[in-house]
Amino acid sequence: MTSKQTLLRGRVLSFTAEPQGPEDTSAYEFIEDGALLVADGKILAKGSYGGLAELAAGAEVIDHRPNILMAGFIDTHLHFPQVQVIASWGSQLLEWLNNYTFPEETRFADAGHSTKMAGHFFDLLTSHGTTTAVAYCSVHKTSAEAYFDEAARRNMRMIGGKVLMDRNAPAGLLDTPVSGYDDTKALIEKYHGKGRGMYAVTPRFAITSTPEQMEMAGALVLEHPDCYVQTHLSENHDEIAFTAELYPQARDYLDVYQSYGLLTEKMLLGHSIHLKPREIDALAETQAKPVFCPTSNLFLGSGLFDDAGLRGRGITNAIATDIGAGTSYSMLQTLNEGYKVLQLQNQKLHPLRAFHWITRGNAVALGLEDKIGTLEAGTEADIVVLDSRATPAMDLRMQRAETLSEELFILQTLGDDRSIAQTYAAGQPMKPAA
Ligand code: GUN
Ligand code: ZN
């Protein structure tokens, strides 16, 4: 029996490598009248519309012209239980956590609340063009179950984990070294590698875990080397000082994680702003991944991420929204703010590298570029349809755009969810057809 084939027609853009400069046309393929042949959740072929229409004569054609078809966006760091924390006023990291975030996260002990919020969370991701995300759930096992169940229901490639936290937070948000270990084990068993789900062992950050819990996290990492590990690193000066008090034997902040065996190439380190030379050496050596969270770093006044400095050391940086300290679900708006953060340091984020970063670049950071992040045949059919004229301001500006790079820069600067004409997860449209 042949399965249903769909031919998506549009202007197809897919990256094959990281563009080395604004004119690097060797790093991508762009097909002006292109198409993607999709069946069973996979991309069967990418090519010219004419060629593929002949090859797949019976396929249903969905015409997205003049919009751009690109790989779905990948968000490598955000917090699912913070959907009702985003846009909370007036404080920097530790006060923001204590006043807004921790009280809100206690509500995810309730399975009904977790399920309801998971529905909203996934709707927001796909309406903003995000098809894979790496999320922190709350400390409660229920929140991770709600997250992974919703991901499975939508057949999305999602990574996540329940946070491990056993101190310096309200009682309703604490686990213990043993319960955190047991719950994580059970969640890995139930969700990791099942369908498209993947697990990330998630000690929240040094401040909220005792040394005993860090040791248990190290055991989990050792026992599950194919799982990711995610945490926060050097986001804020008060956070760094408090961490040094709590772990006086550590050489620096990163050494807390390193000394418990957490620091591997599977580790994602949110923020990584105020790093010492030894920490940068250790990141370069282990190939762990710093995660740039521009809207969050500006919102909490945390600091400026040194993208060029880390890249210059051969480190692979990921990029992410960090909802709910981040202020937009949109990876386009994340690029917009990221561009400005780099401008302040006389660094550049040109549009080809920008769009590579939120697609194939983040996939490479996750070691998943054979599955997501491109539109190559054989990969999973996670696709975003981008409308460069979605708003009157964009339409007006587009009248003067002459090159693909210019068009991409308009999307990167002015785009948001209004520019997402459609999002396909495993070949299925996630938005109602316009
Ligand atoms: N550090 C520890 N937890 C958090 C969090 O929820 N958000 C941010 N931005 N930083 C953190
Ligand atoms: Zn975070």
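Excluded from the calculations below are hydrogen atoms, water molecules and symmetry mates; all remaining heavy atoms, backbone and side chain alike, are included. Just follow the structure's listing: the first ligand is 1, and inside any ligand the first atom is 1.
The closest side-chain donor-acceptor pair between Q347 and D306 falls under 3.5 angstrom. With hydrogens and angles left out, the side-chain atoms of Q345 and D307 include no donor and acceptor closer than 3.5 Å. Looking at H140 and T142, their side chains never bring a donor and an acceptor atom within 3.5 Å of each other.
In L97, the part holding a heavy atom less than 4.0 Å from any atom of ligand 1 is the side chain. Contacts between H271 and ligand 1 below 4.0 angstrom, taking non-hydrogen atoms only, involve the side chain exclusively.
Metal site remark for the Zn ion (ligand 2): D322 contributes an N, O or S atom at a distance under 2.8 Å. Within the 2.8 Å limit, C293 places no N, O or S atom next to the Zn ion (ligand 2). Among the backbone and side-chain atoms of H271, no N/O/S atom is found under 2.8 Å from the Zn ion (ligand 2).
Atom 3 (N) of ligand 1 has its closest protein heavy atom at R204 NE, 2.8 Å. Protein heavy atom at the shortest distance from atom 10 (N) of ligand 1 is E235 OE1, 2.7 Å. Regarding atom 7 (N) of ligand 1, its nearest protein heavy-atom neighbour is W96 CZ3, 3.4 Å. For atom 1 (N) of ligand 1, the closest non-hydrogen atom on the protein side is H232 CG, 3.4 Å.
Ring pair H271/F305: centre-to-centre distance not below 6.0 Å. Remark: aromatic rings of H232 and Y136 are close, center separation under 6.0 Å. Between Y339 and F409, the gap from one ring centroid to the other is short of 6.0 Å. Ring-centre distance between Y28 and F355: not below the 6.0 Å cut-off.
Of all the atoms in ligand 1, the ones that sit under 4.0 Å from a non-hydrogen atom of L93 are 8 (C), 10 (N), 11 (C). For ligand 1 and F205, the ligand atoms under 4.0 Å from any heavy atom of the residue are 1 (N), 2 (C). When each atom of ligand 1 is checked for a heavy atom of A325 under 4.0 Å away, the hits are 9 (N).
Here's the thing with D322: one of its N/O atoms is less than 3.5 angstrom from an N/O atom of ligand 1. Checking only distances, E105 never comes within under 3.5 Å of ligand 1, N or O to N or O.
A salt bridge is defined here as a Lys NZ or Arg NE, NH1 or NH2 lying under 4.0 Å from an Asp or Glu carboxylate O, and D382 with R196 meets this definition.
Shortest distance from the Zn ion (ligand 2) to H79 is reached at NE2 (N/O/S atoms only).
Remark: L269 CG to T231 OG1 distance equals 7.0 Å, nearest 0.5 Å.
Under the side chain to side chain contact (heavy atoms under 4.5 Å, CB included) criterion, T316 pairs with Q287, K289, A365, sequence neighbours left out.
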